[in-house]
Each structure stands twice: as C-alpha cells, then as structure tokens.
Amino acid sequence: MKLDIQILDARLRDQLPAYATPGSAGLDLRACLDSTLHLQPGDAAVLVPTGIAIHLNNPEYAALILPRSGLGHKQGLVLGNLVGLIDSDYQGQLMVSAWNRGQQAITIEPLDRIAQLVIVPVVQVQFNLVEQFDQSTRGTGGYGSTGSQ
Ligand SMILES: O=c1ccn([C@H]2C[C@H](O)[C@@H](COP(=O)(O)OP(=O)(O)OP(=O)(O)O)O2)c(=O)[nH]1
C-alpha cells in the first residue's frame with residue numbers, strides 16, 4: 001500500500017529509500033535527538049521524537065511502535081507504553097516512549113535506531129448484543145484450563 005510520510009528532521013533525508021522500499025516487516029525508527037540521552041535504570045520513560053510523521057488515513061489500518069528485539073532483550077531498552085498505537089487519523093510526529101527496564105545505564109545517540117514501526121490491518125467490527133454465545137469447545141475455560149501437557 002502507499003502511505004503518506006513526512007520527514008520532519010533534515011538529518012533523515014537520506015533515509016527516504018529505506019522508507020520507500022517495501023520488504024522488511026518493521027521500519028526502524030531513529031532517535032531524532034540533539035544530544036546524547038542517558039537512561040538510568042529506574043528512570044521514568046522519555047518521549048523521543050523520531051523525525052517522521054505518517055497519515056494512514058484509513059481506519060482499517062493502524063501502526064504499532066514496537067521495541068527492537070536485540071535492544072529490548074540484551075540492553076533492556078523497551079517502550080514505556082509497551083506498545084505504541086498510532087491511530088489512522090494521527091498526523092503528528094511519531095514519538096517513542098523510551099524506557100530502560102534493565103539494570104544497566106543505556107546511552108542513546110542522536111539518530112540511533114531505537115524502535116520499529118509496523119502497519120497492521122484493523123478489523124472493523126459491529127458488535128451484535130446476544131444473551132448466549134453458540135457453544136464452543138473451550139467455553140468459558142480460561143488460563144490453564146487445558147492443562148500443561
Ligand atoms: O508510542 C506512541 C503512542 C502514540 N503516539 C501518538 C499516535 C497516537 O495516535 C496518539 C494517541 O495515542 P493513544 O490513542 O494511544 O493515546 P491516548 O493516551 O489514548 O490518547 P488520546 O486520548 O489522544 O487517544 O499519540 C505516538 O506517537 N507514539
């Protein structure tokens with residue numbers, strides 16, 4: 001699909017080919033900082049600008065900001081909101097809530113890749129109020145109700 005994007009930070013101009021090439025699942029988001037950011041363990045999450053804005057312009061799509069797996073697993077750099085949901089009518093700059101969930105200090109340099117963006121379909125549902133559901137195999141059995149084997 002075609003997606004309108006604005007590059008708000010001139011330092012990202014040479015990234016345009018990466019944005020324009022489909023193929024990878026996640027588009028890396030860069031920290032558009034003016035100076036190095038140090039995140040200590042236990043610090044509050046910091047909102048980091050990414051220098052780009054998108055306009056999905058269709059409620060059948062949303063974008064998700066996700067951690068980068070390596071940074072999240074090895075260094076503890078994750079998202080203060082766990083997952084960022086970008087509404088289809090949002091036109092502002094994408095912001096990453098950067099949170100150090102680990103035990104070591106994390107250093108983020110300007111233009112470091114700190115998170116990733118994926119576009120996902122959103123099923124539009126009309127809720128249909130019922131007194132009883134059709135019978136299913138699981139029924140109301142919740143966590144662990146099928147055992148561990
Ligand atoms: O990690 C994020 C999460 C959200 N947003 C932007 C896009 C999104 O469309 C908007 C609002 O996010 P959300 O709806 O999740 O926030 P809310 O706290 O429910 O606020 P609102 O009352 O504005 O819906 O903020 C980001 O830039 N980064």
Side-chain angles (χ1 to χ4, degrees), residues 1-131 133 136 138 140-145:
M1 67 179 265
K2 299 265 189 204
L3 173 57
D4 288 347
I5 187 169
Q6 288 180 341
I7 296 181
L8 307 171
D9 188 310
R11 293 173 295 177
L12 295 180
R13 288 272 164 211
D14 60 354
Q15 299 297 324
L16 191 56
Y19 301 143
T21 310
S24 77
L27 174 73
D28 285 333
L29 296 174
R30 292 179 184 267
C32 284
L33 297 164
D34 294 331
S35 56
T36 305
L37 174 65
H38 299 281
L39 289 176
Q40 305 298 335
D43 279 356
V46 174
L47 266 189
V48 177
T50 64
I52 62 170
I54 59 171
H55 184 205
L56 288 158
N57 199 23
N58 181 341
E60 295 186 349
Y61 295 103
L64 301 178
I65 296 179
L66 304 172
R68 292 186 64 209
S69 306
L71 286 179
H73 180 67
K74 292 183 198 151
Q75 294 190 34
L77 178 60
V78 293
L79 305 175
N81 50 356
L82 304 188
V83 174
L85 173 64
I86 311 303
D87 298 288
S88 70
D89 57 349
Y90 181 68
Q91 297 180 321
Q93 178 164 208
L94 299 181
M95 304 294 289
V96 170
S97 172
W99 178 42
N100 181 353
R101 64 150 186 84
Q103 273 88 48
Q104 315 242 314
I106 294 174
T107 300
I108 301 176
E109 300 292 351
L111 302 186
D112 274 358
R113 294 176 295 145
I114 54 167
Q116 54 187 329
L117 182 81
V118 290
I119 313 297
V120 293
V122 176
V123 177
Q124 301 294 309
V125 295
Q126 255 186 317
F127 288 100
N128 179 36
L129 186 63
V130 295
E131 293 299 328
F133 294 124
S136 74
R138 175 177 285 274
T140 56
Y143 296 169
S145 62

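Starting from 1, each residue takes its place in the sequence as its number. Side chains are part of it too, since the values below use all heavy atoms of this structure and drop only hydrogens, waters and symmetry mates. This structure is a prediction, so every number in the text was calculated from the model and none was measured. Read the numbers this way: they start at 1 and go in the same order the structure lists the ligands and their atoms.
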Derivation of the side-chain contact (heavy atoms from CB on, under 4.5 Å) call for Leu37 and Val48: CA-CA 9 Å; Leu37 174 65; Val48 177; 4.0 Å; yes

Dump the intermediate steps for side-chain contact (heavy atoms from CB on, under 4.5 Å) on Leu77 and Ile108, then the final yes or no. CA-CA 10 Å; Leu77 178 60; Ile108 301 176; 4.1 Å; yes

Could you go through the side-chain contact (heavy atoms from CB on, under 4.5 Å) check for Gln75 and Leu39 one step at a time? CA-CA 11 Å; Gln75 294 190 34; Leu39 289 176; over 6 Å; no

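Summarising the local packing, CD of Gln40 is surrounded by more than 12 heavy atoms from other residues, nucleotides or ligands at distances under 6.0 Å. In this structure, Gln104 places its CD atom where only 12 or fewer heavy-atom neighbours from other residues, nucleotides or ligands lie under 6.0 Å away. Annotation: Tyr61, atom OH; neighbour count of heavy atoms from other residues, nucleotides and ligands within 6.0 Å does not exceed 12.
Closest protein heavy atom to atom 5 (N) of ligand 1: Ile86 CD1, 3.6 Å. Scanning all protein heavy atoms for the shortest distance to atom 4 (C) of ligand 1 gives Leu85 O, 3.5 Å. Of all protein heavy atoms, the one closest to atom 24 (O) of ligand 1 is Asp87 OD2, 4.8 Å. The protein non-hydrogen atom at the shortest distance from atom 25 (O) of ligand 1 is Tyr90 CE1, 4.2 Å. Nearest non-hydrogen protein atom to atom 1 (O) of ligand 1 is Asn81 ND2, 3.0 Å.
Numbered from 1 in the order shown, with element, the atoms of ligand 1 that lie under 4.0 Å from a heavy atom of Ile65 read 1 (O), 28 (N). Contact atoms of ligand 1 toward Gly84: 1 (O), 2 (C), 3 (C) (distance under 4.0 Å to a heavy atom of the residue). Per-residue contacts place Met95 under 4.0 angstrom from the following atoms of ligand 1 (heavy atoms of the residue considered): 1 (O), 2 (C), 26 (C), 27 (O), 28 (N). Residue contact check: Leu94 has heavy atoms under 4.0 Å from atoms 27 (O) of ligand 1.
Within a 4.0 Å radius of atom 14 (O) of ligand 1, the protein contributes one or more non-hydrogen atoms. Distances from atom 28 (N) of ligand 1 to the protein include at least one heavy-atom value under 4.0 Å.
Side-chain contact between Leu29 and Ile52: present, with at least one pair of heavy atoms (C-beta onward) separated by less than 4.5 Å.
Of the possible polar contacts, none joining the Ser97 side chain to the Ala45 backbone as a donor-acceptor pair under 3.5 Å is found.
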